[in-house]
Amino acid sequence: MPDKPSLDGIEAKWVDAWDESGVYHFDRTKSREDVYSIDTPPPTVSGSLHIGHVFSYTHTDTVARFQRMRGKAVFYPMGWDDNGLPTERRVQNYYGVRCDPSIPYDPDFTPPAKPDPKKQIPISRRNFIELCDRLTAEDEKVFESIWRRLGLSVDWRHTYATIDTASRTAAQRAFLRNLARGEAYMAEAPTLWDVTFRTAVAQAELEDRERPSAYHRVAFHRHDGTPVHIETTRPELLAACVALVAHPDDERYQDLFDTTVRTPVFGVEVPVKAHRLADPEKGSGIAMICTFGDTTDVTWWRELQLQTRPIIGWDGRIVAEPPAGIDSPQAREAYARLAGATVHTARERMVELLRASGDLVGEPKPITHPVKFYEKGDKPLEIVTTRQWYIRNGGRDEEVRSALLERGRELTWYPGHMRARYENWVEGLNGDWLISRQRFFGVPFPVWYPLDADGNPRYDEPILPEEAALPVDPSSDVPPGYTEEQRGVPGGFMGDPDVMDTWATSSLSPQIAGGWERDEDLFQRVFPMDLRPQGQDIIRTWLFSTVVRSHFEHATLPWRNTAISGWILDPDRKKMSKSKGNVVTPIDLLEKYSSDAIRYWAASGRLGTDTALDEGQMKVGRRLSIKILNASKFALSVAGEDTVPDPAAVTEPLDRAMLAALADVVDDATAAFEGYDHTRALERTERFFWELCDDYLELVKARAYDTESAAGASARAALLIALSALHRLFAPFVPFVADEVWSWWQEGSVHAASWPEVAEFRAAAQDGDPAVLAAASEVLRSVRKVKSEAKLSMRAEVERVVVRGKQVDRARLAEADIASAGRAGAIAFESSDDAELRVDVTLPEAEQ
RNA sequence: GGGCGGUUAGCUCAGUUGGUUAGAGCGCUACCUUGACACGGUAGAGGUCACAGGUUCGAAUCCUGUAUCGCCCA
């Protein structure tokens with residue numbers, strides 16, 4: 001035990017000690033009922049680790065440590081999400097390269113020493129992926145060192161990355177099984193499309209953003225020449241118009257239904273249709289349907305069985321060839337003015353054309369309205385018809401939807417109201433889950449297609465690998481029965497060029513971490529897992545998709561409980577995000593306040609509750625840590641050599657009272673943890689500890705130094721018993737300082753010790769009554785108050801203390817301790833009817 | 001527009017099934033170097049529990065409505 005305990009260097013010391021002792025290693029000899037398994041969120045390593053991660057991962061770690069101390073074998077792996085677009089972007093910027101799949105692999109490629117992000121060097125897909133692998137390996141080291149320093153009790157032998165071999169294998173195997181069971185399918189359909197990244201995106205990745213726009217009033221023409229006015233925010237799509245639509249009950253348009261009108265400028269005949277989704281309040285009540293301006297267009301197109309006239313290409317520009325129906329020389333000439341233009345430019349030109357033809361009525365009316373964006377993109381999404389892979393998720397199937405809603409009800413949510421987010425989302429799904437992405441760094445689809453005599457792929461006859469061959473990369477591996485020479489030639493084959501969305505892999509995290517079909521012995525010990533901890537922002541993505549996969553593959557929930565952490569808000573209560581530039585990186589805070597102090601702050605935030613970044617709380621955490629060091633040092637130094645407490649030696653009523661109060665705390669903290677209320681467990685423990693330090697320690701201090709009497713032995717035994725409980729109660733929250741003080745007097749790590757059993761403390765407390773401690777503390781506080789008001793030292797002598805009230809008998813049981821702690825020459829107890837204690841303190845003449 | 005959550009001291013938050021005088025920490029003020037702790041300790045000031053009704057012997061707590069903030073969905 002050091003003379004002057006300190007937090008300096010405590011992290012380095014214990015990180016190494018824990019690594020060497022393997023105290024957090026998962027004991028895989030245990031069977032499922034003795035295991036507590038955690039489906040840890042794999043952080044995106046190409047992003048920076050910020051204080052919000054520290055917050056939620058600390059919540060999980062307190063649970064892991066509690067369960068471990070309760071005797072469970074805790075399966076607490078760590079994954080890295082390195083797969084996907086964020087990594088691609090980081091690699092592009094970091095090395096100054098971009099992926100061009102048409103370039104052949106260069107085994108000698110080295111990235112430029114001084115990358116110029118403005119002149120990215122095109123490299124092959126394989127070279128690009130090698131750079132992704134290289135950089136993520138570096139990023140993962142940084143993350144791991146911060147996690148270790150934060151004291152996460154992860155078993156570092158169980159790590160995975162969402163792009164590693166095991167993950168690719170699992171993702172491909174699960175996909176093939178989905179396909180075999182009809183849960184995955186390919187379809188050519190209108191798809192939400194990001195023109196910047198040139199990839200399809202899923203409903204779960206959308207967000208609405210308010211954008212300025214304008215209503216353009218445009219005249220269509222009946223056969224008799226009279227105009228029909230529509231209003232549109234997307235005049236550039238006029239060439240893609242396939243119909244007009246109004247509400248079936250709209251009086252104004254009854255005579256138009258099932259007739260045709262001509263589009264302005266292009267003169268295309270389009271039908272006028274009735275549909276309930278047309279809003280009579282919006283604009284003129286009649287709208288043009290284009291293929292495709294928004295998701296409502298898709299619905300109309302599908303339900304009204306309209307023609308298809310797509311004009312927007314994969315690059316977000318107007319395609320060169322006019323769609324069917326634009327036949328006249330004038331129409332073709334007008335279309336030629338738009339071809340090749342961006343949407344923005346095309347809109348300007350279309351407006352000019354409409355002005356010139358006299359079909360634009362008045363001036364465009366500026367509005368702002370919500371526009372759909374890919375959450376990582378910065379241009380509005382377009383809708384492009386493409387061939388994509390989907391997994392069913394209930395978006396088109398009532399039976400699946402209600403089964404998944406039922407799964408949501410089976411799951412225990414902490415806090416419970418987060419289930420509403422899940423139900424909201426599932427009920428609002430409007431399509432299946434689109435899982436293919438036209439990107440490079442991801443898990444490829446394990447699929448090839450035969451090429452017909454003209455070199456066209458036969459999508460309806462996909463060639464699939466055997467599961468034993470997984471993982472495969474169809475762009476370099478050859479399908480069964482073919483040779484590499486047949487790649488891309490008529491009569492040969494081609495690999496599916498797409499990769500899976502990141503969520504299609506990370507939705508299998510319980511299977512990947514748990515060794516599904518790779519280590520079945522492990523898998524049956526850990527799956528379904530006990531806990532899925534995660535942020536509230538990814539309920540619709542990660543949580544939901546994991547439920548979907550497990551539902552299909554295992555017909556069970558992937559976990560029993562989910563714990564949802566809130567946001568971290570900056571001190572001004574704004575949500576932290578990179579775009580706001582208010583993200584705080586944790587390393588400086590860890591250094592400034594200590595890991596335990598940061599953990600204390602994090603653990604003070606309840607599940608599901610947004611929490612402000614509060615350095616004040618971190619300071620409190622640091623103070624608590626130091627207090628634990630000092631109070632432990634005191635208790636152990638008065639105990640001397642004899643650090644094995646004998647419960648039978650606790651005979652004094654005050655000591656028993658303290659232990660009875662402690663037993664209540666153990667009870668409470670245990671129940672709180674069992675209900676995933678780590679904050680309450682901490683709060684109860686902490687309050688007891690401070691009261692112990694402020695009052696009990698002061699009351700028994702003199703007695704505890706007395707090695708002659710039984711009363712002295714009672715105090716020392718009680719102190720050690722309390723210390724033993726507190727070290728363990730604090731261990732999930734402040735693991736560094738807890739193991740430090742534990743090591744001063746115990747064998748082994750506190751983190752391998754057993755969680756305090758309430759019976760142990762009730763037995764030691766015997767007939768102890770917490771009210772005795774409360775009464776004695778109150779008298780002591782009154783004495784201190786008088787001294788403080790007289791501006792005296794706490795050591796100042798007091799001439800006389802008189803205690804009155806109904807409770808005097810309780811206080812009297814600690815008479816000697818009160819007199820000693822208060823430095824009172826005389827103390828008298830007078831029974832009276834006062835419900836509360838009244839304490840009169842007389843100071844010596846000289847001090848008054 | 002629908003849903004969820006919040007609103008308690010200057011700040012950050014507790015407040016268990018309704019029950020005496022609504023608590024804690026930070027910050028602030030004053031004092032104290034006491035044999036664990038100055039990286040400390042003791043004490044003090046500080047609240048119309050968002051607002052309006054209602055239920056009740058009794059409401060921060062239950063009910064209804066309103067305001068306001070945040071989030072999710074459309």
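Everything numeric here is computed off the predicted structure, so don't read it as measured data. Reckoned from all heavy atoms, side chains included, excluding hydrogens, waters and symmetry mates. Below, chain A is the first sequence line, B the second, and so on; all start at residue 1.
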- Message: I need the CG-P distance between Leu682(A) and U12(B), as an integer number of Å.
- Response: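 About 20 Å, once rounded to whole Å.
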- Is there a donor-acceptor contact under 3.5 Å linking the side chains of Asp817(A) and Ser820(A)?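 Judged by distance alone, the side chains do not pair up.
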- Task: Would you please indicate if the ring centroids of Trp567(A) and Phe55(A) are separated by under 6.0 Å?
- Result: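 When the ring centroids of Trp567(A) and Phe55(A) are compared, they turn out to be at least 6.0 Å apart.
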- Query: What distance, rounded to whole Å, do you find between the two P atoms, one in A74(B) and one in C13(B)?
  - Reply: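 It works out to 29 Å between them.
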- Message: Rounded to whole Å, please give me the gap between CG in Leu629(A) and P in A38(B).
- Response: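 So the CG-P distance, Leu629(A) to A38(B), works out to 12 Å.
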- Query: In whole Å, what separates the P atom of C39(B) from that of A22(B)?
  - Reply: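 Approximately 37 Å lies between the P atom of C39(B) and that of A22(B).
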- Name all pairs fulfilling the salt bridge (Lys or Arg N to Asp or Glu O under 4.0 Å) condition that reach into residues 588-602 of chain A, sequence neighbours left out, sorted by first residue then second.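 For residues 588-602 of chain A: Asp61(A)-Arg599(A), Arg149(A)-Glu591(A), Lys592(A)-Glu615(A).
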- Item | C11(B) versus A50(B) - spacing of their P atoms, nearest Å |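 Straight-line distance between the two P atoms is 14 Å.
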- Message: Taking G27(B) as the reference, what is the distance to C62(B) when you measure between their P atoms (whole Å, please)?
- Response: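 C62(B) and G27(B) have their P atoms separated by 33 Å.
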Might you list the N or O atoms of the protein lying below 3.5 Å from N or O atoms in nucleotides 60-64 of chain B, with each pair's distance?
none

- Check if the side chain of Arg680(A) and the base of U16(B) share a donor-acceptor pair of N or O atoms closer than 3.5 Å.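 Pair found.
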- Considering only A14(B), A74(B), G44(B), which nucleotide approaches the side chain of Asp208(A) most closely?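 The answer is A74(B), which lies nearest to the side chain.
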- Go through the side-chain N and O atoms of Thr842(A) and Glu799(A) and say whether any donor and acceptor fall under 3.5 Å apart.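 Judged by distance alone, the side chains do not pair up.
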- Pairwise ring pair (Phe, Tyr, Trp, His ring centres under 6.0 Å) hits with a residue in residues 782-802 of chain A, at least two apart: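 Those involving residues 782-802 of chain A do not exist here.
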- Message: Does Arg622(A) reach a base, just sugar-phosphate, or nothing at all? Heavy atoms under 4.0 Å.
- Response: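 Arg622(A): base contact, heavy atoms under 4.0 Å.
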- Query: Do Gln534(A) and Trp542(A) have side-chain atoms, one donor and one acceptor, less than 3.5 Å apart?
  - Reply: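 Result is no, nothing qualifies.
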- Message: Whether the Thr368(A) and Arg211(A) side chains hold a donor-acceptor pair (N or O, under 3.5 Å, no angle test) is what I'd like checked.
- Response: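 There is no such pair between these side chains.
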- Item | Test ring pair (Phe, Tyr, Trp, His ring centres under 6.0 Å) applied to Trp433(A) - qualifying residues, sequence neighbours left out |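 Once residues adjacent in sequence are excluded, Trp433(A) has no partner under the ring pair (Phe, Tyr, Trp, His ring centres under 6.0 Å) criterion.
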- Message: List the residues meeting ring pair (Phe, Tyr, Trp, His ring centres under 6.0 Å) with Tyr696(A), not counting sequence neighbours, and say none if there are none.
- Response: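 Listed in chain order: nothing, the list is empty.
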- Is the cationic atom of Arg622(A) (NZ for Lys, CZ for Arg) positioned less than 6.0 Å from the six-membered ring centroid of Tyr593(A) and within 45 degrees of its normal?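 So Arg622(A) doesn't make the cation-pi contact.
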- Tell me the side-chain hydrogen bond (donor to acceptor under 3.5 Å, both in side chains) pairs involving residues 624-633 of chain A, sequence neighbours left out?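 Every side-chain hydrogen bond (donor to acceptor under 3.5 Å, both in side chains) pair that includes a residue of residues 624-633 of chain A, provided the two are not neighbours, is Ser632(A)-His727(A).
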- Secondary-structure stems for RNA chain B, with pairs counted as Watson-Crick or G-U when both distances are under 3.5 Å and runs at least 3 long: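 B:1-7 with B:67-73, B:10-13 with B:23-26, B:28-32 with B:40-44, B:50-54 with B:62-66 - these are the stems of 3 or more pairs that involve RNA chain B.
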- Task: Examine C73(B): is either OP1 or OP2 under 4.0 Å from a nitrogen or oxygen in the side chain of Gln536(A)? Give yes or no.
- Result: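 Result: no.
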- Task: Determine, for Tyr215(A) and Lys282(A), whether the Lys NZ or Arg CZ falls below 6.0 Å from the six-membered ring centre while staying within 45 degrees of the axis.
- Result: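 No cation-pi geometry.
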- Pairwise side-chain hydrogen bond (donor to acceptor under 3.5 Å, both in side chains) hits with a residue in residues 780-792 of chain A, at least two apart: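 Of all non-adjacent pairs touching residues 780-792 of chain A, those that pass side-chain hydrogen bond (donor to acceptor under 3.5 Å, both in side chains) are Asp695(A)-Arg781(A), Asp695(A)-Arg784(A).
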- Query: Is any side-chain N or O of Lys785(A) closer than 4.0 Å to OP1 or OP2 of G44(B)?
  - Reply: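 For G44(B), OP1/OP2 do have a side-chain N/O of Lys785(A) under 4.0 Å.
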Look for any protein N or O under 3.5 Å of an N or O in nucleotides 1-7 of chain B and output each such pair with its distance, or none.
from  : atom 1 : to        : atom 2 : distance (Å)
C4(B) : O2'    : His417(A) : ND1    : 3.3

- Message: Could you check whether atom CD of Glu708(A) has more than 12 heavy atoms from other residues, nucleotides or ligands sitting under 6.0 Å from it?
- Response: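 No.
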- Query: Can you tell me how far C1' of C13(B) sits from CD of Glu686(A), to the nearest Å?
  - Reply: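 Roughly 12 Å, once rounded to whole Å.
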- Query: When the P atoms of C57(B) and C51(B) are considered, how many whole Å apart are they?
  - Reply: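 Their P atoms lie roughly 25 Å apart.
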- Message: Using the side-chain heavy atoms of Lys627(A), tell me which of these nucleotides is nearest: G44(B), U12(B), G40(B).
- Response: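 My answer, after comparing the listed nucleotides, is G40(B).
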- Contact class for Glu423(A) (heavy atom, under 4.0 Å): base, sugar-phosphate, or nothing?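 Touches nothing.
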- Item | Residues which pass ring pair (Phe, Tyr, Trp, His ring centres under 6.0 Å) with Phe673(A), listed by chain and number, not counting sequence neighbours |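 For Phe673(A) the ring pair (Phe, Tyr, Trp, His ring centres under 6.0 Å) partners, ignoring immediate neighbours, are Phe66(A), Phe733(A), Trp755(A).
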- Message: With rounding to the closest Å, how many angstrom separate the P atoms on G35(B) and C26(B)?
- Response: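 Rounded to whole Å, the distance is 23 Å.
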- Message: Can you build the contact string for nucleotides 25-33 of chain B? Use B for base contact, S for sugar-phosphate-only contact, and - for no protein heavy atom under 4.0 Å.
- Response: SSS--SSS-
- Strictly under 6.0 Å, is that where the ring centroids of His247(A) and His275(A) end up?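 So the answer is no for these two rings.
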- Message: Less than 3.5 Å apart, any donor N or O on the side chain of Tyr374(A) or Glu207(A) sitting next to an acceptor on the other?
- Response: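 No pair is found: no donor N or O on one side chain lies under 3.5 Å from an acceptor on the other.
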- Task: Can you sort out which residues in residues 688-695 of chain A have a heavy atom within less than 4.0 Å of RNA chain B? Ascending by number, please.
- Result: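 Per residue number, the list reads Trp690(A), Cys693(A), Asp694(A).
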- Atom C1', compared across A9(B) and A60(B): separation rounded to whole Å: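 It comes out at 14 Å once rounded to the nearest Å.
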- Message: Work out how far the C1' atom of U7(B) is from that of A52(B), and round it to whole angstrom.
- Response: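 Pairwise C1' distance, U7(B) against A52(B), rounds to 16 Å.
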- Task: Calculate the interatomic distance between His369(A) atom NE2 and A74(B) atom C1'; express it in whole Å.
- Result: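 In whole Å, A74(B) C1' and His369(A) NE2 are 15 Å from each other.
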